[in-house]
Number of protein chains: 2
Amino acid sequence: MGRKIKTMEEFASLSGISRPTLSKFFNDAQSVKKSTRLKIEQAIEKHDYRPNFYAMNQNRRKTKNIGLVVPNLTDPFFAGIARKLEELIVLSGYNPLLLSSHGGPEQEIANLDSLRSIKPAGVLLAPLGRASNVKKLKDFSSLVPTVLFDANVEGVGEAFFGSDNHQSIGLMVDYLARTGQPPKFFEMKDPINPNAYKRRAAYISAMEKLGLEPELLQIKGDGWNFEEIGFASGRQIIQDSKYRGATILCSNDRLAIGLLSAAYESGLRVGHSAECDLRVAGHDDHPFSRYTCPSLTTIAQDYDAIGERSVSEMLKIIDGANRIAERSEELFEGRLVMRSSA
Amino acid sequence: MGRKIKTMEEFASLSGISRPTLSKFFNDAQSVKKSTRLKIEQAIEKHDYRPNFYAMNQNRRKTKNIGLVVPNLTDPFFAGIARKLEELIVLSGYNPLLLSSHGGPEQEIANLDSLRSIKPAGVLLAPLGRASNVKKLKDFSSLVPTVLFDANVEGVGEAFFGSDNHQSIGLMVDYLARTGQPPKFFEMKDPINPNAYKRRAAYISAMEKLGLEPELLQIKGDGWNFEEIGFASGRQIIQDSKYRGATILCSNDRLAIGLLSAAYESGLRVGHSAECDLRVAGHDDHPFSRYTCPSLTTIAQDYDAIGERSVSEMLKIIDGANRIAERSEELFEGRLVMRSSA
DNA sequence: ATAATTTTTTTACGCGTGTAAATCTATAGA
DNA sequence: TCTATAGATTTACACGCGTAAAAAAATTAT
C-alpha cells in the first residue's frame, strides 16, 4: 500500500464514495444503505483510513463520547463496575472516557469540568455522595445528559440505578437471625456514601420487623481507607468480651475485610460453626471477599443489571429528545452469597 | 454575567488581548509576559471562558494529551500506580488519558489504536508482557513517544523504568534464609508478566549464592485471576506433608493471597513464630496484603520513584527533539516489608 | 534618550470535517 | 414500464482555532 491517506476527501475519491456520505457513515454506520456500508468498510480495511478525531467532533451536534466517573478506581469494586460499563458503552458504538474522583469532591467536579470541554453525549456518574458538591452536580447535569448509578443524589441527573439496600440488608438480617445470633450493625458513624445510610435504616427496620433490638456499632474514621478503619476500630470492639459469640453485619465488605483481619490477629475464630467466637458478614461481594480468612458471607449486587440498565437508559436519553421525561429510578435486588464467615 | 462566550475571538475583544496571544497562552501560559498572563487569567475567571478542545487540538503541533495504559485496572496495584501517574501528569500541565488493557493483548493494541487518533504527545505504557503483540507495540512506539514502566519489552519505547527484581528477590531470599527454612519459589509455570521470569532467575541465583538448593513450585493456570490460581494450586501443594514447616516465597502478592486463603482453609498456621506450619512471603506490597491473615511479609516496589522518573523522562522526550538518544533504562530497589506471615 | 530586544497586534490563510440544499440516481412497488 | 421515494452526489459554506509574517508597541540595555 502506498502512503497514508490523510483526509476524508482523499478517501472519498479512492473509495468511490462521496464525502458527505462518508461523513454520514462515520457518524452512524447504520444510516447508509447496506451495499454502501459494505463498500466503505472494505475501503477502510484496504486503506486503513480513520477520520481525524478532532475535526470530526468539532462541528458534530453530538459526539460519540460518554463520560464515566467513579468515586475511586483504587477500589476494585468500582474498577470492576467501570470495566463492565466501558464494555457496554463500546458495544453501543460509543467511546467511554473513564475518570476517577479519587474520593475527593474537588476531583469529582474537576472531572465533570474536564468532561464538559469534551462535549460528551452523556455522562454516567457514580457520585461520591455526602461529600459531593450537589449544586455543581446539578449545574452539570442540567447541561449534559447524566445518569447516576451506585449512589443516588436527589435531583441530580435524569435517572438513577442502584441496589435495593432495603431488600438486600433485609435478606441478610433474615438469614443471620435464622442461623444464629441476630446481627449487630458495624458501620462508620458519618459515612460518605448515601448507601450506608440506607443500609443503616434497612438494618433497623429489618430487625424491628423480626421483633429484635437493633444495635449499631458506629465507628469513627474519615476517608476511604475502609479496611484500615475497620481494622483499627474492629480490634477495639472485639476485645470487649460482650461481643463473644456475636454476629456482626458490616455496612460493606471493605470494613469487613479490616474486621476479619483484626479478629485473626486477636486470635478469634470467625465462622458459622458452633465453636466459633464471632460471625461476620459484609455487603457488596468485593472481589477479595472470596479470599478473606474465613471467606466472607456477603451480598452480591446485581451489577450486570445495573450496568445494562444505566447504559441503555443513557442511550435512550441521547437518542430521544425527551429530556422532559420524569426522572426514572430503579433498584435491583442483591443476592445472598453464603460463605464461611457467617 | 451575560451570555456565555463561545469563541476566542469574542474573548479576545472582551479581554483586550489579541487572539494570537491568547492562543499562545492556552498552549503554554509561561510563554507570555507575566503582566499579560495575569490579565488573561483574570479575564478567564471573569468570563469563564475555555477554548474549544477539538478546534484547539486540530492544528496543534503537539497536543497536551498523554496516554496512560495499564494491563489491568481491576488489580488495585495498577490502579494505585495509575493514580500516581495521573497526578504527576496533571501537575506537569498535561492531560492524562487512562486506559486498561483488561489483561488482553487485543485490548492493549486497541487502546494504543484509539490513542493514536487522539494524537497524544506521548504514551506511558505498562505492557502486558509475554502476551503483548510486540510487533504492533514497536510500530506504535515508532510513531508516538513511548515510555515503558513496570514491565520491559525489549526494543519497545524510548525508556523503561521498573523494579530491580534481582535486588528485591535477593533481599527477600536472604531475609528468609536467615530467619528460618530457606524459601521454595511459588509461581506460575508460564507467567504472563516478564517480571515473573526475572524473579524466577533472581530466586535461583540468590539461592545458589547462599549455597542452597533452589526449588520451584510451578503451578499451572491461565489468565489474570491470580488469587484463584494461587488458591486452587496452593490447596493441593499444602496438603502434601513434605511442605510442613516450609517457607514459600510467592512470585507476587496476589498468588500469596490465594495461598494464604488456602492455608487458612486447610487449618495450617502461617507465620514466623515457632509453632507455625508454614511461612509465606510475597512481592509487590499489594494494598490488600496488610489485611491478609496473617498480614503478608512482602517487598514494596518504589513506585513513587518509578512514576516520577517515567513522567519526567516522558516530558524530556516531548520537549527535546532528541528522539535519537539511546534507550534509557533504570531499575529501582524494592524495600522489605516485614509483617507476620514470614 | 537612543538603540536593541522582546512581546504583542494585525492580517490572513489553513486545517479536516459537519452539514445544508438542490440535484441526481438506484430501487421497489404498481 | 412507469413512478414514487429512499439514498447518493454536488456544491458550498461554516466551525473555532493554529500559525505564519510583518508591523507596531512595550521593555530593557547602553
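If you're wondering where the values come from, they're calculated on a predicted model, not measured in any experiment.
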Q: Whether Y49(A) contacts dT17(C) is assessed here as follows: a side-chain N or O lying under 4.0 Å from the phosphate OP1 or OP2. Is that the case?
A: yes
Q: Please list every donor-acceptor pair under 3.5 Å in which a side-chain atom of residues 20-27 of chain A meets a protein atom from a residue at least two apart or in another chain.
A:
residue, atom, partner, partner atom, Å
T21(A), OG1, S18(A), OG, 3.0
K24(A), NZ, S31(A), O, 3.2

Q: Go through the N and O atoms of the side chain of R19(B) and the base of dG16(D), and report whether any donor-acceptor pair is under 3.5 Å.
A: no
Q: Ignoring hydrogens and angles, tell me if any N or O in the side chain of T63(B) forms a donor-acceptor pair with the backbone of N57(B) under 3.5 Å.
A: no
Q: So which nucleotide from dG18(D), dC17(D), dG18(C) ends up closest to the side chain of N52(B)?
A: dC17(D)
Q: Mind checking T21(B) for me? I need base, sugar-phosphate or nothing, with any heavy atom below 4.0 Å counting as a touch.
A: base
Q: Please check this pair: side chain of Y49(B) against backbone of K6(B), looking for a donor-acceptor N/O pair closer than 3.5 Å.
A: no
Q: Tell me, which stems hold DNA chain C, with a stem being 3 or more Watson-Crick or G-U pairs in a row and both distances under 3.5 Å?
A: C:1-30 with D:1-30
Q: What nucleic acid atoms does N27(A) come within less than 4.0 Å of, heavy atoms only: base, sugar-phosphate, or nothing?
A: sugar-phosphate
Q: Nearest to the side chain of K33(A), which nucleotide is it out of dT19(C), dG16(D), dT27(C)?
A: dT27(C)
Q: Please state whether the phosphate of dT10(D), meaning OP1 or OP2, lies under 4.0 angstrom from any side-chain nitrogen or oxygen of S18(A).
A: no
Q: Taking only distance into account, with no hydrogens and no angle test, what donor-acceptor pairs under 3.5 Å do side-chain atoms of residues 84-95 of chain B form with protein atoms, sequence neighbours excluded?
A:
residue, atom, partner, partner atom, Å
E86(B), OE1, H102(A), NE2, 3.2
S92(B), OG, L88(B), O, 2.8
N95(B), ND2, N65(B), OD1, 2.9

Q: Below 30° counts as parallel, above 60° as perpendicular, anything between as tilted: where do the rings of Y54(A) and Y54(B) land?
A: tilted
